Amino acid sequence: MISMDILQMAFYLLLLILLAIPLGFYMARVFNGESTFLDPIFRPLERLIYRLTGVDAGREMNWREYALMLVVFNILGMAAVYLIQRIQGILPFNPQHFGAVPPDLAFNTAASFMTNTNWQAYGGESTMSYFTQMTVLTVQNFLSAATGMTVAIALTRGLARRSARTIGNFWVDLTRSILWVLLPLSLVLALILVSQGAIQNLNPYLTITTLEGDRQTLAMGPVASQEAIKLLGTNGGGFFNANSSHPFENPTPLTNLLEMLTILIIPAGLTITFGQMVGNRRQGLVILAAMLLLFVFALGVVYASEHYGNPKLGALGMRGPTAMEGKEVRFGIVNSSLFATITTAASCGAVNTMHDSLTPLGGLIPMLQMMLGEVVFGGVGSGLYGMLVFVIITVFIIGLMVGRTPEYLGKKIEAWEVKMAILAVLIPAATILLGSALAAVTKTGTSSILNPGPHGLSEILYAFASGAGNNGSAFAGLNANTPFYNIALGLAMLIGRFGVILPVLSIAGSTAGKKVVPPGPGTFQTTSLLFTGLLAAVVLIVGALTFFPALALGPLVEQLLMLAGKTF
Amino acid sequence: MPREGNISNRLTGSSNSFNRALLVPAIKDAFRKLDPRSQLRNPVMFVVEIGALLTTFFTLRDLATGMCTMLALNIQLTVWLWITVLFANFAEALAEGRGKAQAASLRRTRSETMAKKLVNGQVQQVSASQLRKDDIVLVEAGDVIPGDGEVIEGIASVDESAITGESAPVIRESGGDRSAVTGGTRVLSDWIKVRITANPGETFLDRMIRLVEGARRQKTPNEIALTILLVGLTIVFLLAVATLEPFALHSGTQVPVPVLIALLVCLIPTTIGGLLSAIGIAGMDRLLKRNILAMSGRAVEAAGDVDILLLDKTGTITLGNRMATAFIPAPGVTEAYLADAAQLASLADETPEGRSIVVLAKNRFHLRERDLGSLKASFVPFSAHTRMSGVDLEGREIRKGAADAIEAYVRERGGFLPSEVKAAVEKVAREGGTPLVVAEGARVLGVIYLKDVIKGGIKERFAELRRMGIKTVMITGDNPLTAAAIAAEAGVDDFLAEATPETKLKLIRDYQAKGHLVAMTGDGTNDAPALAQADVGVAMNSGTQAAKEAGNMVDLDSNPTKLIEVVEIGKQLLMTRGALTTFSIANDVAKYFAIIPALFAANYPELKALNIMGLATPQSAILAAVIFNALIIIALVPLALRGVTYRPLGANVTLRRNILIYGLGGLIVPFIGIKLIDLLLVALHLV
């Protein structure tokens, strides 16, 4: 059975790579402004959009302008999400007559969807009207994913260009990533989901009588359209509270496979895009390989831990996999482990299993992946630029050892790049640690914890890791819909998002202006297998060193206690 | 004349970094540097010092209140934290100490000298410190030159050993490239009039003192970047440790502050933080040992990045002079006859080329040197007009010279240049040699093959450089044909023929535009623009003041081949930094495994599973980690001062090697070290 499971996981990875490579090449053409087969449809639309908005598509921006446009655009988006939630009671498409969302929750949700986090302190089917779901939440799913892509592309240009002052036009990158990439892929995926049984309607909720004779309310809604971008954009905010374990969101094994594939397809594809745009495909492949290495490691731990389960149950004479609490029976151990690893590798946060119920070690890995900065594939765009930050740190530390000022793609890595790269790592880490520490010792923080002992600490750590890492999944044992957590986590998401984007754009601006040192035998090669290993090791060591004490008191000790026969 | 040795050896008596004369002041300085103001320059060690202060405070408080539970541990922690700071201070002081000793010695040579200032043709005795720029002084045999200046009149031999360590006197004369004199050197014979070019305190000697002293040492770009990384890591660990307390409280336990500080100090990169400035100073020092004076640490660092070396052909790649290597006779002439004629024509020719022809004739045909006087021969010297030299004796007129000059000469006499000779001339030129044609009267005898002699071992050196990723470019005034042949023989990657100062400058700019970093050496005033443009410009000390001002290093030995060593030292400097950084970070893994289980032993005994080293008690574990952390600094001081072993290999080989030693080694060594210290602590009943 284990061999079947491993075969399944290997099959998934193979499919992922086979799909990501052509998509990567395609995206490179899109962002280089080259012709693609979708041009006949989207070129006229693109021109129309620029004419209506007054965007001068030919005008390039320096990194400051680019960052300013990005921030202003996102603030406006957040304001819109907040406003619509507050007035949804008087807006149409609200068959269940939901009233205004409370201010703290509305702020949290607005920050969450703007930052591509999709942390949900609310239950979708009991809080949001169809209008809110469609006009602001789904729209932000597109916009936040596109924002991530623009930053990754801007950084790629910054590294590829030589002695340049500009890194592209934010509006053009944004428009093209939506029209050419997110929209067509979402359309295709949504149609497949509908064909498999995902629902797409605007009907009031159904009340039905179950076989046992109980009455049950069945939530309805335009699910498939939101579902598609939820996964493709690594957003993860489910239409329903149960997210991708809900049969209307994830009806069949085929949709489960497709959902897992679509979460990682753009982040994986962007590494290929990167290699293509910097003019050396191996540079992209090396990053992809490092991500794969970390992913396989994470998946292995989660799967092994879940498969092994709790020895206490084995002692009771139970056979086979026992760690089924919180898992959908139709997905089982392997597809639950796979989904949990994928969704936290990518900053997606869609779930088909309840992470709170994973074994302690199985829960540690999703947490660690978020703490590492969501760079194992990571979010759309954010995974690539996050990993490139680690590349810069790796090149700087290791590169010195060849006896030259470290350089990446011929660009010298100097004080400014190091400073910004460190900030991009430090800001989210500080947010997670300080936020968790605050929650762990204050009454408002600890009163939300439903589980005692180290598991309670894990829940807090997970929440802040998920927020600052812009993941959005949760350990459900924490009641996060309190003013404290809504505001603290909302801030964590904002800091975790822009605390990385702004340093990254500044790196893009600074490297764009540099000359390129021609490679030679004295150059530290970043296209070797050795570099793949080094990059993965630096990601792991930096993450482990930062969070080891916290993890030791959370999931690590919990696992050890479980092995000693104590559970929480 | 025997060399007095390089200046570092001469001044400190020994190149050993651990001699006692340096150790004692370094230990004193280590304590002096505890002043927080001087620690601020080094943020990592500043944090350690604050930690040591806090631990001291808590220990004293416990002593005062009689709280004895943790007293023994706290006292030992306090001591070892202070020792950590002192060790780092000591490393820096030791590195500085060598420079300081050199500076003190240099200062002695600058001792108050009197100058003979010329005012309206009258000599006035003034103190050297009163001289200002553009003053004129007279320096006679036995006088010390009172300041940097330029010879405007006269010629003298000067002992420059105070600056260069080279005791052979050099000639300084007005005009040309040998007009610069340095304050503190001594005129041995004759007299010169010198125009002072530097105000007191700005002279070469002053600058040299400041440089070796490291008083105004500024952080280099790479050092700044690395410091930022280290500060970043320190903040990360500060957060990790500071938030540990709330997490511990949440878990129903409390970690004493001294223990938290111990954990913090173990985690922050103290190894590299403590040794960083010592590495930089030692890099400059290694250059100085080779008698190269770097005007800034930045230049040393840039040397490591250099990937193009511009090397002058003459003196660097080839021995200074051409040598005759073959006689190629014309049809109908024997080689011996040609050799005989060539020897006769060269007997009075004192140029190195002329001498080499005589030597070759002797070696090939045992032709003894003959005395021109007894032969009744008259020597015809080389003139720019005829472009020939030769000899007239007993009716024979022998001439040697460039092919076209000789051709004109024999044509005048009704002769001609045989086509075979013409072919030989072309062949020699093509092979990088210089053909000299010999004629007797109207008859052409043949060709002397004058060859540039490539220095021994230089080709291997260039191959090494190529493996390191450095391209060598030969600069020569020769024509492209000759240059190409020599370039091929010496194994350089490229050459610039018929070079002028302008083409040199342009070449550097072209390379730089393509992203390369260029190093070059130069001595003449016309080299100054190129020296200034190059990323690393090494001026020869024998060169002009202008060249020395333009370059960012001065080679006191005036040996252009040393450029290669400069590059190696630059690389070694960067490698040492990278290696110790990697080592420092890799160390943290073991320290976590030592301390984390110890912190929560009471509350979560299950965490013992992480105590993979099997350390005796929580106290011994914490103490062992702190002690290891302090001792590793002192253990690595020699490495920091000496630099990591450098081999001229490609980047990939070097990298693999260093990762294995410093990365993997950094992971493993502390596991062993901490365990050993733990065993020792238990054996000594210290915990």
Side-chain angles (χ1 to χ4, degrees), chain A residues 162 393 396-405 410 412-415 417-419 422-423 425-426 429-430 433-434 436-438 440-441 446 453-454 456-457 460 515-518 520-525 528 530 534 541-542 544-550 552-554 556-557 560-561 563-564, chain B residues 221-222 224-226 228-229 232 235-237 239-244 246-251 267 301 304-305 307 466-471 514-517 570-572 574-575 577-579 581-582 585-586 588-589 592 596 600 604 606-607 609-610 646 650-652 654-656 658-659 662:
Chain A
R162 39 190 80 183
I393 292 175
F396 184 76
I397 299 175
I398 309 291
L400 269 180
M401 284 200 289
V402 306
R404 243 160 88 153
T405 300
K412 283 205 182 307
I413 305 300
E414 293 167 297
E417 290 77 39
V418 172
K419 192 188 285 179
I422 284 287
L423 276 181
V425 172
L426 188 62
L433 286 172
L434 293 176
S436 309
L438 184 70
V441 286
T446 51
L457 182 62
I460 293 177
K515 282 191 281 192
V516 170
V517 182
T523 313
F524 172 36
Q525 275 183 18
S528 63
L530 177 68
L534 288 173
I541 288 182
V542 168
L545 290 180
T546 312
F547 294 103
F548 189 80
L553 286 178
L556 263 180
V557 77
L560 294 169
L561 286 168
L563 297 178
Chain B
N222 178 261
I224 292 170
L226 187 54
I228 291 170
L229 178 84
I235 297 175
V236 165
F237 290 121
L239 286 167
V241 172
T243 54
L244 188 57
F247 297 148
L249 286 174
H250 179 87
S251 312
L267 294 180
E301 221 170 75
D305 287 349
D307 53 359
R466 199 168 303 115
R467 276 201 300 280
M468 283 158 58
I470 296 170
K471 197 170 144 183
K514 286 184 209 144
H516 293 284
L517 266 84
K571 286 197 174 296
Q572 200 184 24
L574 293 171
M575 276 166 56
R577 277 191 203 137
T581 306
T582 310
I585 296 171
D588 282 359
V589 177
Y592 264 134
I596 293 292
F600 304 105
Y604 290 133
E606 292 77 11
L607 279 175
L610 296 180
Y646 177 78
N652 287 334
T654 312
L655 186 69
R656 267 199 293 278
N658 285 336
I659 285 174
Y662 300 100

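Note that the coordinates shown come from a computational prediction; the quantities given were computed from them, not determined experimentally. In what follows, chains carry the letters A, B, and so on, assigned in the order in which the sequence lines appear, proteins first and then strands, with residues in each chain numbered from 1.
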Contacting moiety of [X], where chain B heavy atoms sit under 4.5 Å:
| X | result |
| --- | --- |
| A/Ser528 | neither |
| A/Leu530 | side chain |
| A/Ala550 | both |
| A/Gln525 | both |
| A/Val402 | both |
| A/Ile422 | side chain |
| A/Val557 | both |
| A/Thr523 | backbone |
| A/Phe396 | side chain |
| A/Ile398 | both |

Relative to chain A, which of [options] shows the most heavy atom pairs under 4.5 Å?
| options | result |
| --- | --- |
| B/Ile224, B/Ile470, B/Leu249, B/Leu244 | B/Leu244 |
| B/Asp307, B/Asn652, B/Asp588, B/Thr654 | B/Asn652 |
| B/Ile228, B/Leu517, B/Ile585 | B/Ile228 |
| B/Gly232, B/Gly578, B/Ser251 | B/Gly578 |
| B/Leu239, B/Asp305, B/Asn658 | B/Asp305 |

| query | Among B/Val236, B/Thr243, B/Val241, which residue meets the side-chain contact (heavy atoms from CB on, under 4.5 Å) test with A/Leu433? | reply | B/Thr243

| message | So for atom NZ, which belongs to A/Lys412, do other residues, nucleotides or ligands contribute more than 12 heavy atoms lying within a distance under 6.0 Å? | response |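 For A/Lys412, atom NZ is crowded (more than 12 foreign heavy atoms under 6.0 Å).
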
| field | Heavy-atom pair with the smallest gap, counting every atom of B/Glu606 and A/Ala564 | value | CG-CB, 4.2 Å

| In Å, rounded to the nearest 0.5 Å, how long is the span from CD1 of A/Ile413 to CD1 of A/Ile393? | 10.5 Å

| Part of B/Leu226 lying under 4.5 Å from any heavy atom of chain A | both

| request: Identify which part of B/Phe247 has an atom lying under 4.5 Å from any heavy atom of chain A, answering side chain, backbone, both or neither. | output: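 Both parts, backbone and side chain.
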
